[in-house]
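Please read the structure below before turning to the comments.
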Number of protein chains: 2
Amino acid sequence: MTDDSADESDAGRRAPLTGRELAKALGISQSTISRAFSEGATISPKMRAKVLEAARELGYQPNVIARSLTTRRSGIVGIVTANMTNPFYVSILQPLARRLQQMGLQTLLFSVPSGQQIDSQLPLLLQYNVDAIVVMTGTISAEMARRWADAGRLVLPFSYTIPELDLPSVSCDNEAGGRAVAQHLVQMGHKRPAFVGGHPHSATSVARGRGFAQGLEELGVPLFGRLDTGEYTYEGGYAAALELGRTRPDAIFFADDIMALGGMDALRFGLGLSVPQDISVVGFDNIPLAGWPTYELTTFAQPVEPMIEAAVRLLTRRDGEAVTAEHSALLPGTLVQRKSVRARGR
Amino acid sequence: MTDDSADESDAGRRAPLTGRELAKALGISQSTISRAFSEGATISPKMRAKVLEAARELGYQPNVIARSLTTRRSGIVGIVTANMTNPFYVSILQPLARRLQQMGLQTLLFSVPSGQQIDSQLPLLLQYNVDAIVVMTGTISAEMARRWADAGRLVLPFSYTIPELDLPSVSCDNEAGGRAVAQHLVQMGHKRPAFVGGHPHSATSVARGRGFAQGLEELGVPLFGRLDTGEYTYEGGYAAALELGRTRPDAIFFADDIMALGGMDALRFGLGLSVPQDISVVGFDNIPLAGWPTYELTTFAQPVEPMIEAAVRLLTRRDGEAVTAEHSALLPGTLVQRKSVRARGR
DNA sequence: TTGAAAGCGCTAACAC
DNA sequence: GTGTTAGCGCTTTCAA
């Protein structure tokens, strides 16, 4: 490569300052520099102040890559996600990344093709000495999960659970949510409530559906119909509503908002029905779109803030404390009533 | 730390295999292992096959952290973003991350508070030996940009430009887009077209507005009104439309879709106007929402796929080839006509 | 409390 | 082609 800077001082190309260089400049040893930057190291306050001062002045920052080579921790959290077309995940991702940053952790985004097992990709993340992974989607094999746990790494399913594995997880109380929706619909006089689920094997969808069905049963109202779209998308909700709507339920509970919005559009534009006059619609998540005036979707809100805080707490635990399924956070959500549900005459 | 595993074989906690261990197992030198995993290294095909075979069998993978310590490249691309509530950025982020993964690059997500200078955060990224950063938002000082360039790192503004700096960028031809919208609206007989911009100093907003104004001028139609929301949000668009709508333009061009959707809702629900009967609305980006039946928004589509490909091409350049502003990709978009624009009688 | 020295797992000259 | 050797910039014993 031809370098057109003549001078040897070479103001530009300068690599970042190393600890050794800073040490030399201060006439001390490199390990003292290291100690100045380590939390509980044995170093006099005076010396530390001096080092930090000089570091700030000369623009020295420890190289985290080199550090993680010895400590075997990188300060990086991997976030595994598939379906980012779903606004709910986005509304998680951004604040989660920001909170982690505040805690001095970085976020490695890992996107897997929807519905795919994430196992094959994980060794790659392990190579990066990723401290933990937050899994927002997909399944992970028991063996791979154990490999991570054994390496002292946390695998944290977020907003869903993998029932077979002894993993801590952070999620909303989906079953209670489904039940709350059932109670609300019955209370509003609905007689023919239907349910639209996502992927039929996803624990999330199952829990919401079960809570809903049980809630109805407890109140003596039969579940009028049920359909699984296979995936949480606008299009999936649209198609499901088109099919289910023809059977004339008086309310449909969708397992998430994005499907509910697709469903509302299908009912309105595909079937010519009016929401909520002809049929009530309820969603789950409470994404920003749900509050827009065109939709005014009644929905069960996931407690996003507390969920993120719970995740951050688990992710910033010090080593040595094993984190097991017992540390899971199952947080309560709240029903947000808007205008997509209407009282039915009795 | 107390270790409660009695046996010394210690089946669980086993650290990943190192290159040296693999070498010993094969009775060869560690550098041969390294060569087997390096693209253009001088190693016999036979030996390489043998090593890779053994590696697969024993589950060895090179430690990328250690590698990046010597090579000073990490295989990580930082993506700096602020406003992820905007679906457009999301629709970029996911495919971009996935394409980079395919190329063997990882994505470090970096979220900065909206509107903030990103300079302060960049040294942190540099610490991670991030090879390049894709900047989707915010501004960066000339000095910081130079520091990165000097360190052989690419700073790539995506979907926007920082005019003052000699940086390559990938973006849509915003000015041409604005002009195309102007032509379309005039052609459809509009006489009082208005413009709603985002941040008044953002190059993107300025270019779209300028193209629009020039397009109108060329066709002899005066710009009826103009407003800047200060940020690209639904709420911003809503408020702007409320204000601008009262002056009775016959069309509003919003500098992006999310503002346009907010605008449509404001016109409909806030002002009781009907779109497109009373007023036409045009957006920019073509996010998925724009195609939903409630909105059917006519919009200028950014060429997302080509933009991502262009970005990936720049990001995967081999070192040594300096990448300057001349390598910028300014890609043409297309007007997507839906139902939010209606012909006006002459 | 500080310094010296070893090593984390790899790449890259340099020999052979 | 392959082995040897010297680092990359840190953390962490071990002495002093």
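Below, chains carry the letters A, B, ... as their sequence lines are ordered, and counting in each starts from 1.
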Would you say A/L108 and B/T107 make side-chain contact, with heavy atoms under 4.5 Å?
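Of all side-chain heavy-atom pairs linking B/T107 with A/L108, none is under 4.5 Å.
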
With A/T18 via side chain to side chain donor-acceptor pair (under 3.5 Å) - residues at least two apart:
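Partners of A/T18 under the side chain to side chain donor-acceptor pair (under 3.5 Å) test: none.
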
Residues in side chain to side chain donor-acceptor pair (under 3.5 Å) with A/S111, at least two apart?
B/R98

For [X] and [N], give me the distance from atom [atom1] to atom [atom2], rounded to whole Å.
X	N	atom1	atom2	value
A/Y128	C/dC8	OH	P	22 Å
B/E21	C/dC8	CD	C1'	12 Å
A/R72	C/dG7	CZ	P	15 Å
A/L26	C/dT2	CG	C1'	14 Å
A/L69	D/dG7	CG	P	17 Å

Inter-axis angle, terminal five-pair segments of the helix from C/dT1-D/dA16 to C/dC16-D/dG1 [nearest 10°]:
40°

Would you list the pairs meeting side chain to side chain donor-acceptor pair (under 3.5 Å) in which at least one residue belongs to residues 34-55 of chain A, sequence neighbours left out?
A/E53-A/R56

State whether the side chain of A/D131 and the backbone N or O of A/R73 hold a donor-acceptor pair below 3.5 Å, judged by distance alone.
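Between the backbone of A/R73 and the side chain of A/D131 there is no qualifying donor-acceptor contact (under 3.5 Å).
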
Counting primed atoms, P, OP1 and OP2 as sugar-phosphate and everything else as base, the B/S/- map of nucleotides 11-16 of chain C against protein heavy atoms under 4.0 Å is BBB---

Contact class for A/I65 vs. all strands (heavy atom < 4.0 Å): base, sugar-phosphate, or nothing?
nothing

With [X] via side-chain contact (heavy atoms from CB on, under 4.5 Å) - residues at least two apart:
X	result
A/E143	A/S141, A/R147
B/F158	B/I92, B/V134, B/M136, B/V170, B/M307, B/I308, B/A311
B/E309	B/R99, B/R313
B/T70	none

Can you pull out every ring-ring contact (aromatic ring centres under 6.0 Å, His included) where at least one residue sits in residues 18-67 of chain B? Sequence neighbours excluded, please.
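Only B/F37-B/Y60 qualify under ring-ring contact (aromatic ring centres under 6.0 Å, His included).
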
Scan residues 129-156 of chain A for pairs that pass ring-ring contact (aromatic ring centres under 6.0 Å, His included), counting only residues two or more places apart or in two chains.
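Checked against ring-ring contact (aromatic ring centres under 6.0 Å, His included) - neighbours excluded - no pair reaches residues 129-156 of chain A.
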
Name the closest nucleotide to the A/R20 side chain, picking from C/dG9, D/dC10, D/dG3.
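Within the option list, the nearest is D/dC10.
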
Between B/S29 and D/dG3, is there a side-chain N or O to OP1/OP2 distance below 4.0 Å?
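Answer is yes, contact under 4.0 Å.
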
Residues from residues 39-55 of chain B sitting under 4.0 Å of DNA chain D, heavy atoms only?
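Hits under 4.0 Å, by residue number: B/T42, B/I43, B/S44, B/M47.
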
